[in-house]
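Report on the structure given below.
Residue numbers count from 1 along this sequence.
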Amino acid sequence: MKKYISLIVSLFMILSACTVSAFAEDNIVLNIDSNDKSYKISDKLYGLFIEDISYACDGGLVSNLVNNGSFEYQFNNGTGWSVKGIDVSFDTSNQMSANNPSYATITVDGKGSLTNLGYTEIYDYKSYEYNSKKANTADMGFKENTPYDFSCYIRNEDFDGTVRVYLDSSHNSSNITELDISRCGNVWNEISTTLTSVAEEDGGLTIEFNGKGTINLDFVSLIPQDSYGYGTDEWKYVSLRPDLYQALYNLSPSFVRFPGGCLAEGDSLDNLYNWKNTIGPLEERKQFYNLWRDDNGRDYINTMAMGYHEYFQLCSDLQAEPLPILNVGLTCQPRADYGKMEKDYLDKKISSQQWEDYLDTIALRPGTSKWEAYVQDVLDLIEYANGDATTTYWGALRAANGSVKPFNLKYIGLGNENYGIVYERNFRALYDEVKKAYPEITIISSSGMSLEGKEYDENWSWISKDFNDTVVDEHYYTYDGYLFDHNDRYDSFDRNGAHVFVGEYAPSPSRLGTIETKSNIYGAVEAASYLTGIERNADIVDMISYAPTFAKINAQSWDVNMIWFDSQELVLSPNYYVQQIFANNYGNEYICSTFENNKTIDNGIYESVTVDKAKQTLYVKLVNTSGENKKVNINLSGYDSIAHISAQSIKGQYKSACNELGKNAVYPTQTEMTAGNCVSIDMDKYEVTVIRIAYGNNNNIDLYSLPNAINTVSDNFITYYPPAISIGVPCGVAGAAVIIGAVTAIVIIIKKKKSKR
């Protein structure tokens, strides 16, 4: 009997340890005094970077559900389509548009169909293993009672019969609409109708032919009428998937960096990104293959539906500064094997002539006619964004495309992750041309591909010498806790030198999660700890943006993405919520407050304090990276009439806590706190918190409120347990239930043994 009692006691001890939070009394004290040194910081600190990677735009943010609707995929014109009972070939001889010459020629003898699958998933979950079944399963996300605008262009050679269209899914397939093709002769005609889904489910778009003869098809689209911007003058050609737009809006970005990334460059001079191919009617935009395509199932094209005008309009709607990144007439250097070629040249393994010949294959040469034409393209872009709608050509074209009001472009990036002799050559030439025509524009320069090393140092050397008026774009994707160890990265930067723009960054926690689940609380805590150092240096770090922003689940090109989505739903990662609460809660001055150890880090707790004196609000950011529960005491001095204190937090008990479809373990909460000059907060082992303190005459009217609804996959927020817990001792509510069940079972066993005696 004693051994059973001992077991029960042990189980209850485990239960107590699991359910009671103990906060270490390490006397962590943060002192904040109104007389502490302070300095102005950037008001554009937190923003977004959007690049069409992992179906971020086509197949994601752009609302059109049809994949390859104009049959322009260079490597397979039929990508995204399934054929049944008809012969389909692809031609360009009677093209509808010179920029989109390909179209489908359909030969019918009886009945057959052509089904668009949409942007399908292609990998097994949490892997890069190609899944043929997924890749060939229709994946358009239909919403119940939502109307969809169907449109296509038809040219009838000699077809005699009917053409019908329907949403091809379980509950929609019987709702078939016949198209009126009576006016379709030997010229292209646009045919449109409205299809309404009766259920929320996935499916495809089927065009059914019944008859005999040949008919041509081009530029097929399917647009949900509930998409953001639908039917407005501003969004004349394109609308956006509403939940993805809302996710961006909730981040309150101060800028948007676009359209890439490597995408802004191209991988050959023939494929050099040209903004002029991305504006105007969709049928006239020139499509080309995406640099992020691969040989593992992803045949990827840019329709340019998310073109320069749409990016500008997105910035306008988000009230964010547009920050376009342009190449300097130079293709993506890693894809051109530039590093090896430059080294061979410097080591005299190739001749000067061979070197110059090579450069002419990857870059436009200043002084040539092609270079001058490219320079004019760049200047035309600035006129498109800022020119008067009645007195300038490009300003008038902007107005015709939907925005009479100028977009007020202030920044322009020249180069992306570029470095070396060729970048310096082209940057200098293009900088001079832009500044001569538009001296008020701030130029963004590039520090190269890495956060340190030879190329990085060389770029900074000539930029510091001759281009201190630029903002230097630094990129880093880090591993193994790098950001924890380099919180002071910008502490020693020259305050009189060029400012910094961290255009792309993301941590990747090692050995924690796979693909989607790498976007976990530990990575978010690492990013948040680093951001306290960014705020401390926001007098020279003007802007920072996490990357990548979007990825479609099971179609990703990157592991640690901020927002994941599938055909129906989205998943907001812990890193998303860090960006949200940080971007919505910071002042315009940094206060040089410290812990009692006179540092900004104490026992794994990182801090940053900013203030908005006009709004009389203090923002105290605390990040617990220690792996232990901690208590932090904050002493306030010189801030009178403290009327309101609240905290917005995200947390997780385990490093691997993350959000997945149907499983929301990490999300922000708001806690009201007792107002006073002494604030005490118990922080969980992996927690990010912003304490907002309203003082003086501030009665809490200016404090940011979390969105009423967290628009993610469900309202089913759960307590997270790591996979190992299933074979170990469970904690929390579920653990209590398991242990109580075990105790009950033991008691029953004891009673049964007694009854047998």
Side-chain angles (χ1 to χ4, degrees), residues 50 52 55-74 77 79-81 90 92 94-104 116 118-119 140 148-155 165 187-195 205 207 216-242 244-245 258-259 263 271 273-290 300-314 317 381 384 394 397-403:
I50 300 179
D52 199 353
Y55 298 135
C57 295
D58 286 316
L61 187 58
V62 173
S63 67
N64 183 16
L65 299 179
V66 174
N67 183 7
N68 188 29
S70 57
F71 309 100
E72 298 297 332
Y73 275 40
Q74 179 176 345
N77 293 99
T79 291
W81 293 91
F90 304 97
T92 60
N94 290 295
Q95 58 192 236
M96 190 183 78
S97 164
N99 280 341
N100 289 286
S102 297
Y103 57 89
N116 191 270
Y119 293 86
M140 297 179 179
Y148 294 82
D149 290 348
F150 167 84
S151 176
C152 69
Y153 283 82
I154 286 178
R155 176 179 173 271
V165 62
V187 294
W188 290 101
N189 279 280
E190 183 178 14
I191 306 297
S192 61
T193 190
T194 299
L195 308 173
L205 172 70
I207 306 171
N216 304 143
L217 180 70
D218 203 358
F219 220 85
V220 182
S221 66
L222 188 68
I223 311 295
Q225 290 187 8
D226 67 347
S227 51
Y228 177 81
Y230 175 86
T232 65
D233 293 337
E234 292 80 9
W235 293 89
K236 185 173 182 179
Y237 303 114
V238 177
S239 57
L240 306 180
R241 179 169 155 170
L244 297 189
Y245 171 80
F258 65 89
L263 193 69
N271 197 30
Y273 193 99
N274 184 345
W275 74 270
K276 290 179 179 177
N277 289 333
T278 76
I279 62 171
L282 295 179
E283 301 92 325
E284 299 301 323
R285 302 186 188 187
K286 188 173 183 179
Q287 304 181 23
F288 55 84
Y289 61 84
N290 187 288
Y300 200 174
I301 196 171
N302 284 118
T303 69
M304 307 318 302
M306 196 66 194
Y308 255 78
H309 187 93
E310 285 71 36
Y311 277 117
F312 280 132
Q313 190 60 54
L314 175 65
D317 288 10
L381 172 63
Y384 183 87
W394 290 103
L397 189 55
R398 180 197 68 242
N401 287 336
S403 181

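Not counting sequence neighbours, the partners of Y311 by the ring pair (Phe, Tyr, Trp, His ring centres under 6.0 Å) test are F258. Scored by the ring pair (Phe, Tyr, Trp, His ring centres under 6.0 Å) test, Y289 finds F75 as partners (sequence neighbours excluded). When the side-chain hydrogen bond (donor to acceptor under 3.5 Å, both in side chains) test is applied to Q287, the partners found at least two apart in sequence or on another chain are S70, N100. Not a single side-chain hydrogen bond (donor to acceptor under 3.5 Å, both in side chains) links E234 to another residue, sequence neighbours left out. Partners of Y73 by ring pair (Phe, Tyr, Trp, His ring centres under 6.0 Å), not counting sequence neighbours: none found. Residues passing the side-chain hydrogen bond (donor to acceptor under 3.5 Å, both in side chains) test with Y119: none are found, sequence neighbours excluded. Residues satisfying the side-chain contact (heavy atoms from CB on, under 4.5 Å) criterion with N189, sequence neighbours excluded, are R183, C184, V187. Y230 pairs by the ring pair (Phe, Tyr, Trp, His ring centres under 6.0 Å) definition with nothing, not counting sequence neighbours. Applying the side-chain hydrogen bond (donor to acceptor under 3.5 Å, both in side chains) criterion to K276, with sequence neighbours excluded, gives D377, D380. Listed by chain and number, the residues in a side-chain contact (heavy atoms from CB on, under 4.5 Å) with A56 are D52, F550 (sequence neighbours excluded). Annotation: salt bridge (charged side-chain N to carboxylate O under 4.0 Å, His left out) contacts of E310 (sequence neighbours excluded): R285. R241 pairs by the salt bridge (charged side-chain N to carboxylate O under 4.0 Å, His left out) definition with D243, not counting sequence neighbours.
How far CG of L244 is from OG of S63: 10.5 Å, rounded to the nearest 0.5 Å. The CG atom of L240 lies 12.0 Å from the CG atom of N64; values are rounded to the nearest 0.5 Å. Atom CG of L217 sits about 10.5 Å away from atom CD1 of I191, to the nearest 0.5 Å. F312 contributes atom CZ, which lies 5.0 Å from atom CG of L381 (distance to the nearest 0.5 angstrom). Going from atom CG of L314 over to atom CH2 of W235 covers 5.0 Å, rounded to the nearest 0.5 Å. Distance OG1/T278 to CE/M306: 10.0 Å, rounded to 0.5 Å.
For the residue pair L282 and A305, the shortest heavy atom distance occurs at CD2-CA, 3.9 Å. Heavy-atom minimum distance, G229 versus S239: C-CB, 4.2 Å. Pairing each heavy atom of A400 with each of Y237, the nearest pair is O-OH, 4.3 Å.
Contact check for R398 versus Y308: no side-chain heavy atoms found under the 4.5 Å cut-off. Between W81 and N67, the closest side-chain pair of non-hydrogen atoms is not below 4.5 Å. Using a 4.5 Å heavy-atom threshold, the side chains of Y148 and P224 count as touching. Looking at E72 and P101, their side chains come closer than 4.5 Å, going by heavy atoms from C-beta outward. In this structure the side chain of V220 reaches within 4.5 angstrom of the side chain of L205, judged on heavy atoms. The shortest side-chain heavy-atom distance between V238 and V62 falls under the 4.5 Å cut-off. Counting only heavy atoms from C-beta outward, the side chains of Q225 and D149 approach each other to under 4.5 Å. Taking the side chain as every heavy atom from C-beta outward, Q95 and D218 never approach each other to under 4.5 Å.
Using modelled atom types, one finds a donor on one side chain and an acceptor on the other under 3.5 Å when comparing Y384 with N401. Side chains of D317 and Y245: a donor-acceptor N/O pair is absent below 3.5 angstrom, by distance only.
Ring centers of W188 and F219: at least 6.0 Å apart, outside the cut-off.
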Step by step, would you call N68 with T79 a side-chain hydrogen bond (donor to acceptor under 3.5 Å, both in side chains)? CA-CA 7 Å; N68 188 29; T79 291; 5.1 Å; no
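Side chain of N77 to backbone of F71: a donor-acceptor contact under 3.5 angstrom is found.
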